[in-house]
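First listed ligand is number 1; within each ligand, the first listed atom is number 1. Hydrogens, waters and symmetry mates play no part in the numbers below; they use all other heavy atoms, side chains included.
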Amino acid sequence: MADIVFERAAPSPATVTTALAGTRHAVFWTEDAPGERAEKLEGTVDADLVIVGGGYTGLWTALRATDRDPSLRVVILEADTIGWAASGRNGGFVEASLTHGEENGKRRWPEELDRLDELGAENLDAIEAAVKAHEMKADFERTGTLTVAIEPHQLEWIEGPSTDDSVYLDETAVRAAVNSPTYLAGRWDKAGTALVHPAKLANELARVARERGVRIFEHSRVRALTDDGVQTAAGQVRARQTVLATNVFHSLLKRNRLMTVPVYDYVLMTEPLSAAQSKDIGWEDHQGLADMANQFHYYRRTADGRILFGGYDAVYHYGRRVNPEYENRPSSYERLASHFFTTFPQLEGLQFSHRWAGAIDTSTRFCAFYGTARKGRVAYAAGFTGLGVGATRFAADVMLDLLSGEKTERTELRMVRERPLPFPPEPAAAMGINATRWSLNQADHREGKRNILLKALDAVGLGFDS
Ligand SMILES: Cc1cc2nc3c(=O)[nH]c(=O)nc-3n(C[C@H](O)[C@H](O)[C@H](O)COP(=O)(O)OP(=O)(O)OC[C@H]3O[C@@H](n4cnc5c(N)ncnc54)[C@H](O)[C@@H]3O)c2cc1C
């Protein structure tokens with residue numbers, strides 16, 4: 001197998017060890033913006049709508065429901081604290097795509113894709129408008145994504161003419177924008193992505209919800225759906241309608257238990273760069289950055305001058321559990337640190353301050369699925385597959401449309417009406433997912449060429465193409 005650039009130009013082991021020496025296992029975002037805490041549900045509360053889960057899906061549902069009817073009595077029940085899970089520990093890339101990218105959408109819903117793209121762009125605009133209208137302090141910046149080719153075979157994937165919103169940068173231009181010796185070319189999609197501080201966004205959504213009278217309860221895990229709402233260990237909410245916004249966690253609906261699997265994604269955060277270090281790398285436009293392999297990195301600046309560097313390893317553990325023990329994986333952090341210094345060798349000496357991981361909400365179609373249960377009283381959306389910061393707002397609208405019982409453009413989309421295939425039970429799930437991951441790594445080492453397993457998965461619509 002051919003070496004990839006991260007193997008050809010790896011830093012010394014000492015560089016990696018030194019940079020990780022002072023790293024704390026903690027999520028930078030939630031530490032930086034802890035948010036307001038809420039009481040636990042005790043006793044009986046009556047509401048019109050009860051939302052299970054206080055990540056972006058639940059929070060946007062509360063906002064969109066009260067946009068539609070300000071008098072609606074809405075309750076959010078969160079098992080832990082608002083935004084503690086994926087919503088507080090992600091990369092903060094707010095993407096317009098509702099289909100996990102163009103290729104995935106084209107393969108599954110070709111006849112709908114143009115409209116899905118428009119709806120996704122409208123959704124991103126609406127997020128920006130909401131941030132402005134409610135003066136959310138969430139470090140929202142509409143800077144776009146710069147996708148970089150770091151191996152020669154990737155060049156053809158991004159070459160082509162520039163438009164106002166999609167600018168091709170050759171080797172000289174891309175390195176002038178962001179100074180990495182690994183970059184061979186880049187494409188800057190200026191319109192389709194914004195960056196945000198993930199935990200601040202969750203906190204600000206919760207603030208606006210509270211200002212509208214939405215009642216939020218933390219440490220209130222819902223144990224079961226009841227005939228007239230939901231039940232926790234210490235209380236119940238009686239409500240006409242229920243939204244399940246529990247994403248990758250154990251579903252309260254049996255039919256959804258095999259629909260998502262947690263795949264662990266690992267992240268490093270550096271300490272703030274000095275003025276000289278910042279000048280050295282450029283990156284003045286603060287684009288979100290992503291390289292192009294199947295196993296790719298995503299990275300970005302923060303408002304206080306750090307760099308977040310995540311991705312590459314995507315680890316599935318037998319038994320499909322969300323388990324904090326899986327977050328401690330030294331080899332993944334070492335690999336990320338090594339790849340960071342391949343990307344920015346001039347930053348040698350910079351320390352990482354935080355390391356953390358989170359469960360990616362993977363579904364077999366790589367984007368969210370939607371539906372209702374209990375005679376239309378319960379709606380759900382889950383399975384955003386690592387691209388839910390923006391798409392959760394769209395999902396909130398879909399669920400509210402479904403609960404309304406009215407046909408809308410959204411409810412009539414094939415993407416909304418179709419359910420994906422479930423993952424198989426163990427041991428088949430672990431064997432299949434890990435064989436796929438192994439094959440994707442092989443493809444990255446073979447100039448992108450896909451082996452027979454990946455081709456077979458592509459043929460039945462289960463192929464992953466980043
Ligand atoms: C490391 C990492 C990086 C990522 N980077 C990006 C990115 O840059 N861009 C992007 O678009 N996406 C990214 N994602 C994905 C994105 O964060 C998620 O798709 C999105 O946050 C999903 O929001 P959610 O509200 O559906 O789920 P979550 O944030 O997981 O929230 C679900 C909530 O439900 C609660 N819950 C579960 N069961 C119960 C119950 N029975 N009772 C009460 N509460 C319950 C949980 O405690 C949790 O708080 C990333 C994810 C990870 C892990």
Side-chain angles (χ1 to χ4, degrees), residues 27-30 40-41 50-62 75-98 100-101 120 124 127 145 193-196 198-199 201-202 205-206 216-225 230-233 237 242-253 260 262-269 288-290 298-300 308-311 313-314 322 326-327 332 355-363 366-368 380-393 395-396 399:
V27 181
F28 168 78
W29 302 122
T30 41
K40 179 175 165 178
L41 175 73
V50 59
I51 298 166
V52 185
Y56 298 140
T57 303
L59 293 164
W60 275 119
T61 304
V75 171
I76 299 177
L77 297 178
E78 165 51 48
D80 197 308
T81 52
I82 291 294
W84 77 274
S87 297
R89 52 181 74 200
N90 61 74
F93 287 56
V94 195
E95 304 256 347
S97 176
L98 303 172
H100 207 293
L124 178 55
I127 292 173
T145 325
T193 308
L195 291 181
V196 76
L201 178 62
L205 290 170
I216 298 178
F217 296 94
E218 293 185 328
H219 302 293
S220 303
R221 176 181 304 282
V222 172
R223 289 176 156 184
L225 296 169
V230 298
Q231 197 167 39
T232 67
V237 178
T242 301
V243 156
L244 299 181
T246 58
N247 205 20
V248 77
F249 296 90
H250 184 77
S251 178
L252 293 163
L253 291 172
T260 55
V263 174
Y264 275 80
D265 186 31
Y266 297 84
V267 183
L268 290 175
M269 183 69 93
L289 261 151
Y298 56 90
Y299 41 119
R300 57 164 293 181
L308 173 145
F309 196 76
D313 274 358
V322 178
Y326 299 152
E327 296 171 25
S332 290
R355 66 181 196 280
W356 70 89
I360 295 283
D361 37 10
T362 308
S363 71
F366 313 121
C367 60
Y380 57 83
F384 297 90
T385 319
L387 214 67
V389 179
T392 44
R393 181 187 173 281
M399 289 190 287

Sidechain-backbone polar pair: E95 side chain, G390 backbone, donor-acceptor under 3.5 Å:
no
All heavy atoms of L201 vs all of V196, minimum pair found to be CB-CG2, 4.0 Å
side-chain hydrogen bond (donor to acceptor under 3.5 Å, both in side chains) filter on T81, not counting sequence neighbours, yields none
Identify all pairs of nitrogen or oxygen atoms, one from ligand 1 and one from the protein, separated by less than 3.5 Å, and list them with distances.
| from | atom 1 | to | atom 2 | distance (Å) |
| --- | --- | --- | --- | --- |
| ligand 1 | 5 (N) | G91 | N | 3.0 |
| ligand 1 | 8 (O) | G91 | N | 3.4 |
| ligand 1 | 8 (O) | G92 | N | 3.4 |
| ligand 1 | 8 (O) | F93 | N | 3.2 |
| ligand 1 | 9 (N) | F93 | O | 2.9 |
| ligand 1 | 11 (O) | F93 | O | 3.2 |
| ligand 1 | 11 (O) | G388 | N | 3.0 |
| ligand 1 | 11 (O) | V389 | N | 2.9 |
| ligand 1 | 12 (N) | G386 | O | 3.0 |
| ligand 1 | 12 (N) | G388 | N | 3.1 |
| ligand 1 | 17 (O) | A86 | O | 3.2 |
| ligand 1 | 17 (O) | N90 | ND2 | 3.4 |
| ligand 1 | 19 (O) | D361 | OD2 | 2.7 |
| ligand 1 | 19 (O) | G388 | N | 3.3 |
| ligand 1 | 21 (O) | S87 | N | 3.4 |
| ligand 1 | 21 (O) | S87 | OG | 3.0 |
| ligand 1 | 23 (O) | S87 | OG | 3.2 |
| ligand 1 | 25 (O) | Y56 | N | 3.0 |
| ligand 1 | 25 (O) | T57 | N | 3.0 |
| ligand 1 | 25 (O) | T57 | OG1 | 3.4 |
| ligand 1 | 26 (O) | T57 | OG1 | 2.6 |
| ligand 1 | 27 (O) | N247 | ND2 | 3.3 |
| ligand 1 | 29 (O) | S87 | N | 2.9 |
| ligand 1 | 29 (O) | S87 | OG | 2.6 |
| ligand 1 | 41 (N) | V222 | O | 3.0 |
| ligand 1 | 42 (N) | V222 | N | 2.9 |
| ligand 1 | 44 (N) | A79 | N | 3.0 |
| ligand 1 | 47 (O) | E78 | OE2 | 2.6 |
| ligand 1 | 47 (O) | W84 | NE1 | 2.8 |
| ligand 1 | 49 (O) | E78 | OE1 | 2.7 |
| ligand 1 | 49 (O) | E78 | OE2 | 3.1 |
| ligand 1 | 49 (O) | W84 | NE1 | 3.2 |

Classify the ring geometry of W84 against F249: parallel below 30°, tilted from 30° to 60°, perpendicular beyond 60°.
tilted
Residues that E327 engages under salt bridge (charged side-chain N to carboxylate O under 4.0 Å, His left out), provided they are two or more places apart:
R89
State which residues pass side-chain hydrogen bond (donor to acceptor under 3.5 Å, both in side chains) with Y266; sequence neighbours excluded, sorted by chain then number.
none
